[in-house]
Amino acid sequence: EISDKSESRGALIVLEGLDRCGKTSQCGRLHSYLEELGLAVELWRFPDRNTGVGQMISSYLANKSHLDDHAIHLLFSANRWEKRSLMESKLRSGTTLIIDRYSFSGVAFSSAKGLDVEWCKAPEAGLLAPDLVVYLDISPEKAAERGGYGGERYEKLEFQKKVAQSYKALCDDATWKVVSLDWSFSFVNIINS
Ligand code: DGP
Ligand code: NA
Ligand code: NA
């Protein structure tokens, strides 16, 4: 989407994975690593629960409100759209963005409920395309063992198994790197590969 690959433009790096895959701490490690290299870098996450739309999403995830599956899908997408212009200006001004979840979560989680994949992808069209997507590959069983789930709506083993299958169907893109968490790894290897 951002075709202007000028040297000053920041990179858009997305981390994806199941709940409890370790994504949030890996985002933090990558952020520190790139900062130490002297890059202008910010760590973002979706859903961004600080906006009005984000608060509706947060309430839904906490099971405090109930919404049609299509309606919540569109809210997650709207939450990304409302940050699009800021994201674009950050990238253009040279800031690299590391994002904890993006459109792929939208498609993986909603299609795991049985919604049509193409329908799920449609509202994401026109959002900024990542330069790199890192998928932290962990088995749903292993993720479930990691300190337990926090009790939000999607944090159930049977559902996470379906999400894992949905992600697998999305992973064929060249911008994806699949990282197995069964091995110890360093982001230095991913970024340099
Ligand atoms: P997190 O804040 O990363 O724990 O994400 C909250 C939960 O919402 C998590 O179970 C993943 C899910 N999620 C994230 N983005 C989307 C999305 O766009 N659509 C749907 N349906 N679920 C999402
Ligand atoms: Na979560
Ligand atoms: Na998370």
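Indexing begins at 1, ligand by ligand and atom by atom, following the structure's order.
- Sorted by first and then second residue, the ring pair (Phe, Tyr, Trp, His ring centres under 6.0 Å) pairs with a member in residues 113-132 read H70-W119, H73-W119; sequence neighbours excluded.
- When atom types are taken as modelled, the side chain of Q160 and the backbone of D19 share a donor-acceptor pair closer than 3.5 angstrom.
- For ligand 1, the atoms lying closer than 4.0 Å to a non-hydrogen atom of L61 are 6 (C), 7 (C), 8 (O).
- Set against the non-hydrogen atoms of R45, the atoms of ligand 1 under 4.0 Å away are 1 (P), 2 (O), 3 (O).
- Evaluation of the side-chain hydrogen bond (donor to acceptor under 3.5 Å, both in side chains) rule for S59 yields S65 as partners, not counting sequence neighbours.
- With a heavy-atom cut-off of 4.0 Å, S77 does not touch ligand 1 at all.
- Against a heavy-atom cut-off of under 4.0 Å, D19 is close to the following atoms of ligand 1: 4 (O), 9 (C), 10 (O).
- Using a non-hydrogen distance threshold of 4.0 Å, R153 does not register as a contact of ligand 1.
- At a 3.5 angstrom cut-off on N or O pairs, Y154 counts as close to ligand 1.
- Crowding of K161 atom NZ: a count of heavy atoms from other residues, nucleotides or ligands under 6.0 Å exceeding 12.
- Shown in contact with S110 at under 4.0 Å from a heavy atom are these atoms of ligand 1, numbered in order with element: 21 (N).
- Between E42 and K83 there is no salt bridge, since no side-chain N of the basic residue sits under 4.0 Å from a carboxylate O of the acidic one.
- Under 4.0 Å from ligand 1, the heavy atoms of R80 that appear belong solely to its side chain.
- Of all the heavy atoms of I72, none lies under 4.0 Å from any atom of ligand 1, so neither backbone nor side chain is involved.
- Nearest-residue assignment for atom 6 (C) of ligand 1 (options E155, R101, R49; heavy-atom criterion): R49.
- Counting heavy atoms from C-beta on, the side chains of M56 and Y60 never come closer than 4.5 Å.
- Closest approach of S105 and E16 over heavy atoms only: OG-OE1, 2.6 Å.
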